[in-house]
Number of protein chains: 2
Amino acid sequence: MALTFRKRKLFDSAGIVGSVDDDLIPSVFARDCASRELLGTVTGKWGWLALAALHEGSYRFNALRRRVDGVSEKMLAQTLQALERDGLVRREVQATIPPRVEYSLTDFGARTAAKLVDLIELLEAEVPTAAAARAAYDRSR
Amino acid sequence: MALTFRKRKLFDSAGIVGSVDDDLIPSVFARDCASRELLGTVTGKWGWLALAALHEGSYRFNALRRRVDGVSEKMLAQTLQALERDGLVRREVQATIPPRVEYSLTDFGARTAAKLVDLIELLEAEVPTAAAARAAYDRSR
DNA sequence: CGGCATCCCTATTGATACTG
DNA sequence: CAGTATCAATAGGGATGCCG
C-alpha cells in the first residue's frame with residue numbers, strides 16, 4: 001500500500017533520516033531514477049490524456065489529435081513517441097496512400113491507462129469539491 | 001469505465017466526428033475545462049510526488065522537502081499551495097518559535113493519493129518492462 | 001495523412017538573497 | 001523553520017514550412 005520501498009526510517013521527528021539501504025529498491029522519491037522518469041512520461045502534460053483517449057480504443061493520428069483538444073501536432077507526435085518508446089503504445093503503419101497510422105495500447109499500456117482512468121474519474125466527480133475548496137481559499141485572502 | 005462523457009460518436013472511420021451535446025458534461029478532453037486543470041494540479045511535475053509522500057503520513061515542510069528529492073523550496077511551496085487551494089492538502093501552523101507547519105491530506109486528498117499510489121506501484125513494478133521496451137526501440141533506430 | 005526540422009518566444013524553474 | 005521576492009537560465013511548446 002504505502003510506498004515504503006526504502007528501508008530507512010521515514011518519520012524522524014527531528015527531520016533527520018538515516019541512509020541505509022536507500023538504493024536497494026527503486027523509489028520514485030529519488031531524483032533521476034527510472035521510475036520517476038517513467039511516471040513523468042505517463043503523467044506529463046499530454047501523456048495521461050493520450051493514454052486516457054487510447055483507453056477508449058485505437059485512434060489514427062489526426063483523430064487522436066481532435067480527441068485530445070488543444071494538443072499541437074508537434075506535442076502529440078512527441079508524446080506518442082515517448083509512450084511508444086516506453087512500451088505503453090503500439091504504432092502500426094499501413095502502407096497506403098495516403099498513409100494510415102494507427103495507435104493503440106499495449107497490454108502494459110492498457111493496465112496503466114486503466115489505473116489512470118480510475119484516477120481521472122475520481123477527479124472528474126470531485127470537480128465541485130475542488131471548486132468549493134478553491135472558492136473558500138481565495139475568499140480567505 | 002470509459003470516459004464517454006460526451007454523447008457524440010467517437011469512432012468515425014473517416015475521422016469526422018459530430019458535435020452534438022459536446023458541452024453537456026465536463027470532460028478532461030476539452031481544453032480549459034475544470035477537470036483538466038484539476039488533473040494538472042495533481043499530475044503536475046511535483047504534485048503527484050507531494051501527494052504520494054503525504055500518503056505515507058503528515059510531514060513538516062522541510063521534512064517533505066527532503067522526502068521529495070530534488071524539489072526546490074520555491075516549487076514545493078508553490079505546489080503545496082495549489083494542492084491546498086484545491087482542497088487536497090491541509091496546512092496547519094503551530095505558533096511556536098521556530099514555527100512549525102504540518103502538511104497532511106484531506107479526505108479528498110487521501111482518496112486521490114490512494115489512486116495515485118496504485119498507479120505508481122504498477123509503474124514501479126513495470127520499470128523493467130519499460131526499460132526493455134526502450135532498449136528495443138532505441139536499437140531499431 | 002502523418003510526420004520531422006527549424007525558428008522563436010514565453011512560462012516554468014532554479015539560485016540566491018531576504019524576512020517573520 | 002517556513003516561507004517570499006527577485007532575477008537569470010532554460011526547456012517547453014506554438015507556428016511555420018517541407019517531405020514521403
Side-chain angles (χ1 to χ4, degrees), chain A residues 11-17 31-32 36-37 40-50 53-54 58-85 89-104 137 141, chain B residues 12-17 31-32 36-37 40-50 53-54 58-85 89-104 137 140-141:
Chain A
F11 305 111
D12 188 306
S13 58
I16 301 166
V17 291
R31 64 205 284 175
D32 300 332
R36 192 133 131 192
E37 199 187 334
T41 310
V42 170
T43 69
K45 184 166 183 186
W46 301 111
W48 63 272
L49 273 170
L54 290 172
S58 64
Y59 274 93
R60 291 179 56 191
F61 187 83
N62 280 317
L64 185 56
R65 182 153 142 59
R66 280 186 295 273
R67 180 66 176 138
V68 181
D69 191 25
V71 70
S72 71
E73 187 181 297
K74 176 186 171 182
M75 292 318 298
L76 182 58
Q78 208 171 294
T79 300
L80 288 171
Q81 269 183 41
L83 291 173
E84 186 196 358
R85 191 162 104 104
V89 161
R90 180 171 29 246
R91 178 177 180 271
E92 278 158 318
V93 184
Q94 293 168 41
T96 56
I97 294 178
R100 222 164 223 272
V101 184
E102 196 84 15
Y103 290 92
S104 57
Y137 183 91
R141 298 255 133 176
Chain B
D12 188 304
S13 57
I16 301 165
V17 291
R31 64 205 286 176
D32 300 331
R36 193 132 131 192
E37 199 187 334
T41 309
V42 170
T43 69
K45 185 168 184 187
W46 302 111
W48 63 273
L49 273 170
L54 289 172
S58 64
Y59 274 94
R60 292 177 54 190
F61 186 83
N62 280 316
L64 186 57
R65 181 154 141 61
R66 281 187 294 273
R67 180 66 176 138
V68 180
D69 192 24
V71 70
S72 72
E73 193 178 290
K74 177 185 169 183
M75 290 318 297
L76 183 57
Q78 210 170 92
T79 299
L80 288 171
Q81 272 181 37
L83 292 173
E84 188 197 356
R85 191 162 104 104
V89 161
R90 179 169 33 244
R91 178 175 180 273
E92 279 158 318
V93 185
Q94 294 167 39
T96 56
I97 295 179
R100 223 164 220 273
V101 182
E102 198 83 15
Y103 289 93
S104 58
Y137 183 91
S140 72
R141 299 257 134 174

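Chain letters run A, B, ... following the sequence lines, proteins first and then strands; every chain starts at 1.
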In whole Å, what is the span from the [atom1] atom of [X] to the [atom2] atom of [N]?
X	N	atom1	atom2	result
B:R65	C:dG14	CZ	C1'	10 Å
B:L64	D:dG3	CG	P	10 Å
B:E102	D:dA2	CD	C1'	13 Å
A:Y103	C:dG2	OH	C1'	7 Å
A:L76	D:dG12	CG	C1'	16 Å
B:N62	D:dT4	CG	P	13 Å
B:E92	D:dG3	CD	P	13 Å

Contact pattern, 5' to 3', of nucleotides 13-20 of chain D - B, S or - by protein heavy atom under 4.0 Å: BBB----B
Can you confirm whether [X] sits close enough to [Y] that some side-chain heavy atom of one is under 4.5 Å from a side-chain heavy atom of the other?
X	Y	result
A:E73	A:F61	yes
B:R36	B:D32	no
B:L64	B:L80	yes
B:W46	B:L76	no

Gap separating the [atom1] atom of [X] from the [atom2] atom of [Y], nearest 0.5 angstrom:
X	Y	atom1	atom2	value
A:Q81	B:Y137	CD	OH	4.5 Å
A:Q78	A:K45	CD	NZ	12.0 Å
B:R90	B:L54	CZ	CG	11.0 Å

Any B:R60 side-chain nitrogen or oxygen under 4.0 Å from OP1 or OP2 of D:dA2: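 Yes, within the criterion.
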Under 4.0 angstrom between B:Y59 side-chain N/O and D:dA2 OP1 or OP2: no
Sugar-phosphate only, base, or nothing, as touched by A:Q81 at under 4.0 Å among non-hydrogen atoms: sugar-phosphate
Touch class at under 4.0 angstrom, heavy-atom based, for A:R91 against every strand present: sugar-phosphate
